[in-house]
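Only this structure's heavy atoms are used, side chains among them; waters, hydrogens and symmetry mates stay out. Since we're looking at a predicted model, the values are computed, not measured.
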Amino acid sequence: MSATTEFYIAQADKCRTDADASSLTQVRDRNLRAAAAWQAMADKLLHSERLRAEKEARVVAEAATTAP
């Protein structure tokens with residue numbers, strides 16, 4: 001199963017919700033750290049997808065300019 005940005009973002013949102021609902025400082029902090037980690041994974045995946053799309057667009061553009 002491949003990870004998706006939607007999954008990562010959903011997990012980050014769940015951790016934030018759990019943090020907001022917690023009355024224990026350690027649990028709240030743990031959930032906030034987990035939310036930050038999930039968000040970082042989502043951001044990294046989004047960045048990679050954006051770079052891949054830009055690269056593909058460049059390849060297509062170069063192919064179109066060199067085609068006879």
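Among D43, L45, L51, the single residue meeting the side-chain contact (heavy atoms from CB on, under 4.5 Å) criterion with H47 is L51.
Every residue two or more places apart in sequence or in another chain was checked for a side chain to side chain donor-acceptor pair (under 3.5 Å) with K44, and none qualifies. By the side chain to side chain donor-acceptor pair (under 3.5 Å) test, D18 pairs with K14, sequence neighbours left out.
One distance of note links CD of E6 with CG of D13; it measures 12.0 Å at 0.5 Å rounding. Note: Q39 CD to C15 SG = 11.0 Å, rounded to the nearest 0.5 Å. In this structure, the separation between CG on L46 and OG1 on T5 is 5.0 Å, given to the nearest 0.5 Å. To the nearest 0.5 angstrom, N31 atom CG is 9.5 Å from D20 atom CG.
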- Item | side-chain hydrogen bond (donor to acceptor under 3.5 Å, both in side chains) between Q11 and R16, intermediate numbers included | CA-CA 9 Å; Q11 293 302 310; R16 284 188 209 97; over 6 Å; no
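Between I9 and W38 the shortest side-chain heavy-atom distance does not fall below 4.5 Å. Between R28 and T25, some side-chain heavy-atom pair lies under the 4.5 Å cut-off.
Counting only distance, with no hydrogens or angles, the side chain of T65 and the backbone of E62 share a donor-acceptor pair below 3.5 Å.
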